[in-house]
Amino acid sequence: PNRTPRTILATRAVGGSGTLAGCLGGDQEGPQPVSLDDCQSCYYCNMRIEMHPGPVGEAFYGDDAPPSLPDDRENGIAWFCSSTCTYNYLLENEEQGHEPQIAYGTDYSSVDYELTDDSGTTVISAHLSAEAFAELQDLNFVTNSDVEGAMGSSLIGFTDADDAAAFADEHGGEILTHDDITREVLSGLSA
């Protein structure tokens with residue numbers, strides 16, 4: 001099916017916005033997001049970002065860049081082909097004492113996305129412009145839905161909790177927030 005948010009998202013009341021305070025608290029300051037449409041490759045898995053569907057991410061480490069990041073990366077930026085790669089990288093580096101100044105993911109509440117059939121699998125469109133990003137802690141993630149991204153089952157983020165609930169009602173899955181995302185959650189994503 002080829003649908004936009006206007007055709008699948010219904011307005012309904014849902015308690016709480018899922019806004020979190022954590023290591024990436026909402027009042028944090030840092031670089032603004034950048035577009036990922038310039039042949040960048042995922043820093044976690046090395047896939048070329050613009051060639052794949054689904055949510056993407058980026059993190060700015062500034063002076064606390066992990067040693068694996070090239071020294072010439074402005075603001076210590078790492079970019080990712082999927083929300084799964086984003087969180088795998090963030091969690092691995094957090095365990096080593098490196099936390100980003102700020103991190104972003106695709107906000108499907110802010111774009112007109114499409115769902116398409118890719119050889120029998122429903123995939124969600126990628127949105128690589130800077131305007132399509134929101135801070136990770138502001139997103140409500142639908143996990144284990146029947147809609148996939150670059151790495152199979154995705155964490156599909158929405159800043160509007162109603163949008164996330166409507167998406168989960170239509171496509172299945174569970175809604176999680178930034179602080180809910182752990183290694184166990186990532187390893188439990190269905191493929």
Side-chain angles (χ1 to χ4, degrees), residues 1-20 36-37 41-42 44-58 79-91 103-129 131-191:
N2 187 3
R3 304 178 194 165
T4 68
R6 288 173 181 71
T7 61
I8 66 170
L9 297 176
T11 303
R12 59 183 231 151
V14 174
S17 68
T19 301
L20 300 172
L36 298 180
D37 53 4
S41 293
C42 178
Y44 188 74
C45 73
N46 207 34
M47 288 178 22
R48 193 152 141 210
I49 295 170
E50 64 191 51
M51 296 180 71
H52 301 281
V56 298
E58 55 190 43
W79 46 73
F80 309 99
C81 70
S82 70
S83 49
T84 305
C85 286
T86 303
Y87 272 102
N88 274 315
Y89 188 85
L90 292 175
L91 292 170
Y104 299 99
T106 305
D107 173 17
Y108 283 93
S109 290
S110 72
V111 297
D112 286 330
Y113 62 86
E114 293 182 355
L115 301 179
T116 56
D117 182 271
D118 182 10
S119 303
T121 300
T122 302
V123 296
I124 194 165
S125 54
H127 297 272
L128 307 178
S129 70
E131 297 78 24
F133 290 101
E135 292 183 50
L136 289 180
Q137 81 282 350
D138 293 336
L139 295 172
N140 303 281
F141 294 99
V142 179
T143 66
N144 286 316
S145 72
D146 59 11
V147 177
E148 297 186 1
M151 301 301 279
S153 186
S154 290
L155 303 166
I156 301 172
F158 300 86
T159 51
D160 186 316
D162 292 344
D163 291 349
F167 189 90
D169 285 348
E170 178 81 14
H171 302 287
E174 176 184 4
I175 299 173
L176 301 176
T177 58
H178 169 70
D179 282 349
D180 296 327
I181 309 301
T182 62
R183 284 188 175 280
E184 292 74 26
V185 166
L186 295 173
S187 66
L189 291 175
S190 59

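Note: hydrogens, waters and symmetry copies are ignored here, and every other heavy atom, side chains too, is used. If you're wondering where the values come from, they're calculated on a predicted model, not measured in any experiment.
For the pair D163 and S109, the tightest heavy-atom approach, listed with the atom from each and the gap, is OD2-OG, 2.7 Å. Smallest separation of non-hydrogen atoms from A132 and V111: CB-CG1, 3.7 Å. In terms of heavy atoms, V56 sits closest to L36 at CG2-CD1, 4.1 Å. Shortest non-hydrogen contact noted between T159 and A134 is CG2-CB, 3.6 Å. A pairwise comparison of heavy atoms in V142 and A164 identifies CG2-O, 3.5 Å as the closest pair. A pairwise comparison of heavy atoms in I156 and Y108 identifies CG2-CD1, 3.7 Å as the closest pair.
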Query raised in the report: So N140 and T177, side chain to side chain contact (heavy atoms under 4.5 Å, CB included) or not? Walk me through it.
Result: CA-CA 5 Å; N140 303 281; T177 58; 4.2 Å; yes
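To the nearest 0.5 Å, the span separating CG on L90 from OH on Y44 amounts to 11.0 Å. Here the straight-line distance linking atom OG1 of T86 with atom CG of L91 works out to 10.5 Å at 0.5 Å rounding. Residue D37 holds its CG atom at 7.0 Å from CD of E50, rounded to the nearest 0.5 Å. Between the SG atom in C42 and the CE atom in M51 there is a gap of 14.0 Å [rounded to 0.5 Å]. Atom OG1 of T122 sits about 13.0 Å away from atom CD of E114, to the nearest 0.5 Å. Remark: L155 CG to L176 CG distance equals 7.5 Å, nearest 0.5 Å.
S129 is linked by a side chain to side chain donor-acceptor pair (under 3.5 Å) to E131, counting only residues two or more places apart in sequence or in another chain. Judged as a side chain to side chain donor-acceptor pair (under 3.5 Å), and not counting sequence neighbours, the contacts of S125 are H127. Legend: residues meeting side chain to side chain donor-acceptor pair (under 3.5 Å) with D146, ordered by chain and number and at least two apart, are H171. Remark: F80 engages Y89 in a ring pair (Phe, Tyr, Trp, His ring centres under 6.0 Å) (not counting sequence neighbours). Take F141 and apply the ring pair (Phe, Tyr, Trp, His ring centres under 6.0 Å) test, not counting sequence neighbours, and it matches Y87. Under the rule for a side chain to side chain contact (heavy atoms under 4.5 Å, CB included), the partners of S82 that lie at least two apart in sequence or sit in another chain are T84, C85, A150, M151. Applying the side chain to side chain donor-acceptor pair (under 3.5 Å) test to T121 and every residue at least two apart in sequence or in another chain returns nothing.
At distances below 3.5 Å, not a single donor-acceptor pair connects side-chain atoms of S83 with backbone N or O atoms of S154. With W79 contributing its side chain and G57 its backbone, the two residues share no donor-acceptor pair below 3.5 Å. Using a distance-only test at 3.5 Å, with no hydrogens or angles considered, no donor-acceptor pair links the side chain of S145 to the main chain of A168.
Taking the ring centroids of F167 and F158, they lie under the 6.0 Å cut-off.
In this structure the side chain of D180 never reaches within 4.5 angstrom of the side chain of I175, judged on heavy atoms.
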